[in-house]
Amino acid sequence: MIVYLHGLNSAGSSAKAARLREALPGIEIVSPTYPAQTAALAVEVLEQELRETFAQPDQAAQPRVLVGSSMGGFYAAWLADRLDLHHLFMINPALEPWQLLQQVVGWQFNEALHTSYYLSAEMVEATRAYATDASTLKTPATLLLDKGDELIDSWTSAALYDGYARIHCFEGGSHAFDHMDEAVALIGQTYQALMRASD
């Protein structure tokens, strides 16, 4: 099973989740919608839902791969070891959202859900409690970074995980991540390798 975690102001129906389903039709893709703007509630909802999903009898023999984009990558890193995952993929992850999101404090509109909410400085600061130190991460991880990301410095992300994860940096691109085809190929290859290893 592959679980995809969307970023801030997105939903489980995101284009990246749809692309994974389209490109990997033989693999079950789960993409929950969760309140990414509220850190404590986000991790509570995700941990409970994913534990229940992984506990289903038909999931016992399947690799558990988590893919997170932007804020989804941040939460995915926190969840990875707690859920005993086989591999973690982070796409342009917001690894330090308590710094990144200070610049967008204020009213937000989630177009995917057609809802508005106020992102406060306190909500942004609350993300710090769920930071993951790359050196302590036990789950094998891969970073997928666009060098042209206009919101997150790809070099900083790469430096944080240097020596602790497989890192793929793509020329150009944007925070939306313009190399999904390459990402899907890597995710699919990793999943198939995990399947072979479990036989």
Side-chain angles (χ1 to χ4, degrees), residues 1-18 20 28-56 59 64-134 136-139 141-145 149 151-152 157 160-161 165 175-177 187:
M1 172 183 286
I2 295 175
V3 177
Y4 173 78
L5 300 186
H6 62 79
L8 191 69
N9 296 337
S10 187
S13 57
S14 76
K16 290 185 181 69
L20 283 166
E28 183 178 0
I29 311 293
V30 174
S31 54
T33 295
Y34 66 98
Q37 72 274 13
T38 309
L41 184 57
V43 296
E44 179 184 350
V45 167
L46 287 171
E47 186 167 11
Q48 179 178 340
E49 184 170 340
L50 296 183
R51 283 192 187 282
E52 290 174 358
T53 299
F54 294 149
Q56 295 173 10
Q59 299 302 318
R64 295 183 297 278
V65 174
L66 191 54
V67 180
S69 177
S70 192
M71 277 300 291
F74 173 75
Y75 292 128
W78 191 86
L79 289 165
D81 288 345
R82 288 166 175 81
L83 296 175
D84 191 25
L85 300 176
H86 295 103
H87 203 94
L88 166 66
F89 285 90
M90 293 176 281
I91 300 173
N92 282 349
L95 297 175
E96 299 177 332
W98 56 91
Q99 295 179 0
L100 174 70
L101 297 180
Q102 287 294 344
Q103 60 190 310
V104 295
V105 165
W107 281 101
Q108 303 288 318
F109 181 67
N110 187 324
E111 188 172 337
L113 299 177
H114 306 289
T115 58
S116 297
Y117 65 92
Y118 188 82
L119 182 69
S120 68
E122 291 76 16
M123 292 166 72
V124 171
E125 180 60 27
T127 63
R128 194 187 294 267
Y130 302 96
T132 300
D133 185 335
T136 67
L137 187 66
K138 299 180 180 65
T139 303
T142 300
L143 255 66
L144 301 167
L145 308 170
D149 189 331
L151 296 181
I152 299 172
S157 298
L160 286 171
Y161 272 82
H175 185 63
F177 194 70
I187 293 167

Colleague: S70: which residues meet the side-chain hydrogen bond (donor to acceptor under 3.5 Å, both in side chains) condition with it, sequence neighbours left out?
Modeller: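 For S70 the side-chain hydrogen bond (donor to acceptor under 3.5 Å, both in side chains) partners, ignoring immediate neighbours, are H175.
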Colleague: For the CE atom of M90 and the CG atom of L5, what is their distance to the nearest 0.5 Å?
Modeller: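 One finds 11.5 Å between CE of M90 and CG of L5.
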Colleague: If you take all heavy atoms of S31 and G12, which pair is closest and at what distance?
Modeller: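 Looks like OG-O, 2.7 Å.
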Colleague: My understanding is that only residues two or more places apart in sequence, or in another chain, count here; which of them pass salt bridge (charged side-chain N to carboxylate O under 4.0 Å, His left out) with D84?
Modeller: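 Expected list: R64.
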Colleague: Using every non-hydrogen atom in the two residues, find where P32 and E49 come nearest and quote the distance to one decimal.
Modeller: CB-OE2, 3.4 Å
Colleague: For A42, what residues pass the side chain to side chain contact (heavy atoms under 4.5 Å, CB included) criterion, not counting sequence neighbours?
Modeller: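 Per chain and number, A42 pairs via side chain to side chain contact (heavy atoms under 4.5 Å, CB included) with Y34, Y75.
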Colleague: Go through Y161 and L137 one step at a time and tell me if the side-chain contact (heavy atoms from CB on, under 4.5 Å) criterion holds.
Modeller: CA-CA 10 Å; Y161 272 82; L137 187 66; 4.1 Å; yes
Colleague: Identify the heavy atoms of I152 and N92 that sit nearest to each other, and give their distance.
Modeller: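 Smallest interatomic distance, heavy atoms only, reads CD1-O, 3.6 Å.
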Colleague: Show your reasoning for whether side-chain contact (heavy atoms from CB on, under 4.5 Å) applies to L160 and E96.
Modeller: CA-CA 10 Å; L160 286 171; E96 299 177 332; 4.1 Å; yes
Colleague: To the nearest 0.5 angstrom, please state how far the CG atom of L119 sits from the CD atom of E122.
Modeller: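 Interatomic distance, L119 CG to E122 CD, rounded to 0.5 Å: 10.0 Å.
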Colleague: Mind checking what makes salt bridge (charged side-chain N to carboxylate O under 4.0 Å, His left out) contact with R82, not counting sequence neighbours?
Modeller: none
Colleague: Can you measure from CG (L85) to CE (M1) and round to the nearest 0.5 angstrom?
Modeller: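 Nearest 0.5 Å value for the CG-CE distance: 11.5 Å.
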Colleague: Please say whether more than 12 non-hydrogen atoms of neighbouring residues, nucleotides or ligands are located less than 6.0 Å from CD in Q103.
Modeller: yes
Colleague: For A40, give me all partners under side chain to side chain contact (heavy atoms under 4.5 Å, CB included), at least two apart in sequence or on another chain.
Modeller: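 Scan of A40 (side chain to side chain contact (heavy atoms under 4.5 Å, CB included), adjacent residues dropped) gives Y130.
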Colleague: Mark yes when over 12 heavy atoms from residues, nucleotides or ligands other than Q48 sit less than 6.0 Å from its CD; otherwise mark no.
Modeller: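 No, not enclosed.
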Colleague: Using salt bridge (charged side-chain N to carboxylate O under 4.0 Å, His left out) as the criterion, list what pairs up with E47, not counting sequence neighbours.
Modeller: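 Testing E47 for salt bridge (charged side-chain N to carboxylate O under 4.0 Å, His left out), a comparison that skips the adjacent residues, returns R51.
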Colleague: Tell me, please, which residues at least two apart from E125 pass salt bridge (charged side-chain N to carboxylate O under 4.0 Å, His left out).
Modeller: R128
Colleague: Any donor-acceptor pair under 3.5 Å linking the side chain of T38 with the backbone of P35?
Modeller: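 A pair under 3.5 Å: no.
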Colleague: Which heavy atom of T139 sits nearest a heavy atom of L88, and at what distance?
Modeller: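 In terms of heavy atoms, the two residues are closest at CG2-N, 4.0 Å.
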Colleague: Taking the side chain as everything from C-beta on, heavy atoms only, tell me whether L101 gets closer than 4.5 Å to L8.
Modeller: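 Side-chain contact under 4.5 Å: yes.
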Colleague: Quick test of your reading: applying ring pair (Phe, Tyr, Trp, His ring centres under 6.0 Å), list the pairs with at least one residue in residues 90-113, sequence neighbours left out, ordered by first then second residue.
Modeller: W107-Y118
Colleague: Can you measure from CG (L50) to CG (L66) and round to the nearest 0.5 angstrom?
Modeller: 7.0 Å
Colleague: Identify the two heavy atoms, one from T127 and one from P97, that lie closest to each other, and give their separation to 0.1 Å.
Modeller: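 Heavy atoms only, the tightest pair is OG1-CG, 3.5 Å.
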Colleague: For P93 and G73, which heavy atoms make the closest approach, and how far apart are they?
Modeller: CB-CA, 4.2 Å
Colleague: Could you go through L95 and F74, starting from their C-alpha distance and side-chain angles, then the distance that decides it, and tell me whether this counts as side-chain contact (heavy atoms from CB on, under 4.5 Å)?
Modeller: CA-CA 5 Å; L95 297 175; F74 173 75; 5.6 Å; no
Colleague: Of all residues at least two apart in sequence or in a different chain, which pass the side-chain hydrogen bond (donor to acceptor under 3.5 Å, both in side chains) check with T142?
Modeller: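 Only H87, R166 meet the side-chain hydrogen bond (donor to acceptor under 3.5 Å, both in side chains) criterion with T142.
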Colleague: Please test I187 against V67 for side-chain contact (heavy atoms from CB on, under 4.5 Å), starting from the C-alpha separation and ending with a verdict.
Modeller: CA-CA 9 Å; I187 293 167; V67 180; 3.9 Å; yes
Colleague: For E44, enumerate each residue passing the side-chain hydrogen bond (donor to acceptor under 3.5 Å, both in side chains) test, keeping only those at least two apart in sequence or located in another chain.
Modeller: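 Here no residue qualifies.
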Colleague: Hey, does L143 have a side-chain heavy atom less than 4.5 Å from the side chain of F89?
Modeller: no
Colleague: Once side-chain hydrogen bond (donor to acceptor under 3.5 Å, both in side chains) is applied, do any residues pair with Q99, and if so which ones, sequence neighbours excluded?
Modeller: none
Colleague: Going by side chain to side chain donor-acceptor pair (under 3.5 Å), name the pairs with one or both residues in residues 2-16, residues two or more places apart or in two chains.
Modeller: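 For residues 2-16, and leaving out neighbouring residues, the side chain to side chain donor-acceptor pair (under 3.5 Å) pairs sorted by first residue read N9-Q108, N9-Y117.
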